[in-house]
2 protein chains.
Amino acid sequence: MRGIRQLAEHLEISIGTVSRALNGKPDVNEETRRRVLAAAEELGYVANQSGRSLRQGETKVIGLMIESSQEAVENADNFFLGVTSGLQHVFARHKLDLLMLPCPSDEDPCEYLKRMVARRVVDAMIISNTQRIDRRIDLLSRARIPFVAVGRSLSAGNFPWIDLDFEGVAERAVERLASRGHRRIAITAPSSEVNLGYVFVESYRQALERRGISFDPSLVIRVKSSEQGGYQAAHELLLLEDRPTAVILIYELMAIGLYRRLMESGIVPGRDLAVIGFRDAPRARFLQPSLSCFRMSLYDLGIALGEMLLADMPAYRELYPDSGRNIIWPLELVAGESDAFEIKAMV
Amino acid sequence: MRGIRQLAEHLEISIGTVSRALNGKPDVNEETRRRVLAAAEELGYVANQSGRSLRQGETKVIGLMIESSQEAVENADNFFLGVTSGLQHVFARHKLDLLMLPCPSDEDPCEYLKRMVARRVVDAMIISNTQRIDRRIDLLSRARIPFVAVGRSLSAGNFPWIDLDFEGVAERAVERLASRGHRRIAITAPSSEVNLGYVFVESYRQALERRGISFDPSLVIRVKSSEQGGYQAAHELLLLEDRPTAVILIYELMAIGLYRRLMESGIVPGRDLAVIGFRDAPRARFLQPSLSCFRMSLYDLGIALGEMLLADMPAYRELYPDSGRNIIWPLELVAGESDAFEIKAMV
DNA sequence: CCTACAGTCGTAAACGTTTACGGGATGCGT
DNA sequence: ACGCATCCCGTAAACGTTTACGACTGTAGG
């Protein structure tokens, strides 16, 4: 069936009444409503969303931007699918739908986002992997599209975000290693342009200095947060003259490559080198020796993200009392065997 | 900036000219076009997609339906992100965008799909995980929405699909095991309502019978295709009185749980029980002993899916010569250690 | 009998685009 | 000076909805 007009003609009533009947408006005879619903079902009529959202100015759809580069795919470990279920649980309460927007790897994420919000196919957006300076945030702020970010940024003063507790993780990881006698502790991180790359290393540096351990820039290994990056990180570690006794990985996935490279040189993780990971990565759960790491619930994160977003949308604002526009997301340490040894004092 | 009307007023030219200028239509003065583009850029104007697609009747967006249930998330291992990059490579040629539609776990996929195509936010759809009887296929056929499915189905005569080569995999897996003396070969599969659950077991049965090995229904283990399912499968295998010497897993991920359960009983995969996996699952790549399995390129699959879909869309049909509306996707055997032992003849 | 009102329904405007159509200006050839 | 083509632009219709408004019944109350 084409449009509401054909449906109205078929029923021999006016188009307005059909619309009211379908949308549950009050002033329509129950008998008429029944007929309309029956006919719509029979003819398979469903309202065209373009017309509808043109008229109403909203789409009832929330967008979640993700990256689909080959690297991101290898890297991802269904982080997004994980938060998706939490998000949908929140959105379902308001009959909102979620759409994932995968940005092509060869396109500028900001241009892509601009195109997508221009399409006005979503009422609000969720972005992640924020850069220290992230033009997407300016774009969304200026376009007055409600949004929430996974990750902080220096851009655009005050916007809603949730970020992982890098400070806490760095502090606890360093504490754990230092208490076992480690003094030369390496760390892996992506480029400092990525916000998390900057914050994590900075927290690590402070945690070291609080304990009187001097910060050695050569122990900061800038590699991709991937299995491949882990391999390379191990490689670079082995080239250092004063080899570290511990390493903190910013992503658990890296442990897979790291372990492999270590094994190649006969170095046993958890005996010759302490390893601590960060963020739950299903793929890394099966390493031997098991990895000590910081984990969290992606589902809960999704819930929090969804509620924070709704609190920022005019239509739902009053339902979600000011829960704070910023959240530092806590992680829980899951102790494994990969850092279960102590360093004897050398001096 | 609100709409094209305000932009036109600001420029003191007509709304029609502005539209033509923005859309690169020929009959507009280059100087005017320059002014329009500059003003649009300055005021941040972008065309409202609702109005546009209402007028043109198309959205230039392709939808990819995925499931976001907790189970699917655990199960997924970024299969979809993998094909996504291939899909986008094809779609980018035609300035098409890809949208992922995650179906909430508590909603009927068919209802969800109906709602989404009703929204007319996509011009075409890609679905996967087809059931033997899949109402989504009828729905899309009847609504005349171009689509392509990952997986065959009994539904609706002739529709475009790509499916994995279950027959070939079952045949080669059985051959490989039988040639090493195995006679009692178990297999895991999901419910036979899922198309793949039916086809895989059927192929396995035929492969057995071609070699004169009788089919034993008790060796077909119906469990979830997940890590948890693998654990349970091992459990059930151990309960069988005449224990099999080999097992074929329909999803590699299951090997993780299976290994764990076997270890608990002191059974060593690759020595006491031969294991062969199916479909590339990054998480399962790091098992000890390494898993023998059948793999493929998700990227290439994405390319093929995209091209098959375009061949079914009126606007692009002539560009993609009839490449066949059905493809059986081949997989490559990657030999590991998990099935590297032979059975001595007992009788 | 008149008024008021509730219950229904039809009419038409509005949402923001694109585009077919026509018309005015300009330039050119005759 | 005239015809004609070219270039550019404005006008208005159309896409499919929703919804404010008004109109038409029938009923009850005065």
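Labels below follow one simple rule: chain letters A, B, ... track the order of the sequence lines, proteins then strands, and each chain is numbered from 1.
- As rounded to whole Å, 12 Å separates atom P of dG16(C) from atom CD of Glu9(B).
- In this structure, the nucleotide among dG16(D), dC9(C), dT17(C) sitting nearest to the side chain of Thr32(A) is dC9(C).
- Protein atom NZ of Lys60(A) is 14 Å distant from nucleotide atom C1' of dT18(D), rounded to whole Å.
- The minimum heavy-atom distance between Leu139(A) and Cys110(A), with the atom names listed, is CD2-O, 3.9 Å.
- Computed from coordinates, the Arg35(A) CZ to dC9(C) C1' distance equals 13 Å when rounded to whole Å.
- Nucleotide dT17(D) holds its C1' atom 10 Å from the CD atom of Gln49(A), rounded to whole Å.
- Ring orientation note: the planes of Phe159(A) and Phe147(A) are close to parallel, at an angle under 30° on the 30°/60° scale.
- Between the axis at the start and the axis at the end of the helix from dC1(C)-dG30(D) to dT30(C)-dA1(D) there is an angle of 60°, using five pairs per end and rounding to 10 degrees.
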Between the protein and nucleotides 23-26 of chain C, which nitrogen or oxygen pairs come in under 3.5 angstrom?
none

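- What separates CG of Leu11(B) from C1' of dC8(D) is a distance of 16 Å, to the nearest Å.
- For the pair Ser50(A) and Glu12(B), both in contact range of DNA chain D, the more 5′-proximal nearest nucleotide belongs to Glu12(B).
- Residue Arg33(A) comes nearest to Arg20(A) through the heavy atom pair NH1-O, 3.8 Å, listed as atom of the first residue, atom of the second, then distance.
- Taking every heavy atom of both residues into account, Ile137(B) and Ser141(B) meet most closely at O-OG, 2.7 Å.
- Atom P of nucleotide dT11(D) and atom CD1 of Ile13(B) are separated by 12 Å, given to the nearest angstrom.
- At a threshold of 4.0 Å, the pair Glu307(B)-Arg93(B) counts as salt-bridged, since one of the basic side-chain nitrogens sits closer than that to a carboxylate oxygen.
- With a 4.5 Å cut-off on side-chain heavy atoms, Leu310(B) and Val90(B) count as touching.
- The one candidate from Ile66(A), Ile162(A), Leu309(A) that meets the side chain to side chain contact (heavy atoms under 4.5 Å, CB included) condition with Ile126(A) is Leu309(A).
- Defined by atom type and a distance below 3.5 Å, a donor-acceptor pair is missing between the side-chain atoms of Ser53(B) and Thr59(B).
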Mind listing the N/O atom pairs, protein and nucleotides 19-22 of chain C, below 3.5 Å?
residue: dT19(C); atom: OP2; partner: Lys25(B); partner atom: NZ; Å: 2.5
residue: dT19(C); atom: O4'; partner: Arg55(B); partner atom: NH2; Å: 3.2
residue: dA20(C); atom: N6; partner: Arg20(B); partner atom: NH1; Å: 3.3

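- Screening Asn195(B), Asp134(B), Asn326(B) for a side chain to side chain contact (heavy atoms under 4.5 Å, CB included) with Arg152(B), the sole residue that qualifies is Asn195(B).
- The Leu54(B) side chain lies nearest to dG16(C) when the options are dT18(D), dG16(C), dT11(C).
- Checking Val150(B), Asp163(B), Leu305(B), Asp300(B) one by one against Trp329(B), the side chain to side chain contact (heavy atoms under 4.5 Å, CB included) holds for a single residue, Asp300(B).
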Can Ile327(A) and Met308(A) be said to form a side-chain contact (heavy atoms from CB on, under 4.5 Å), step by step?
-> CA-CA 9 Å; Ile327(A) 296 182; Met308(A) 185 181 284; 3.5 Å; yes
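- Look at Arg5(A) and you won't find any side-chain N or O under 4.0 angstrom from OP1 or OP2 of dG16(D).
- Looking at the side chain of Arg52(A), the nearest of the listed nucleotides dC15(D), dT11(D), dT17(D) is dT17(D).
- Atom CD of Glu58(A) is separated from atom P of dT18(D) by 12 Å (rounded to the nearest Å).
- Judged by distance alone, with hydrogens and angles left aside, the side-chain atoms of Asn23(B) form no donor-acceptor pair with the main-chain N or O of Lys25(B) at under 3.5 Å.
- Going from atom CZ of Arg33(B) over to atom C1' of dC9(D) covers 13 Å, rounded to whole Å.
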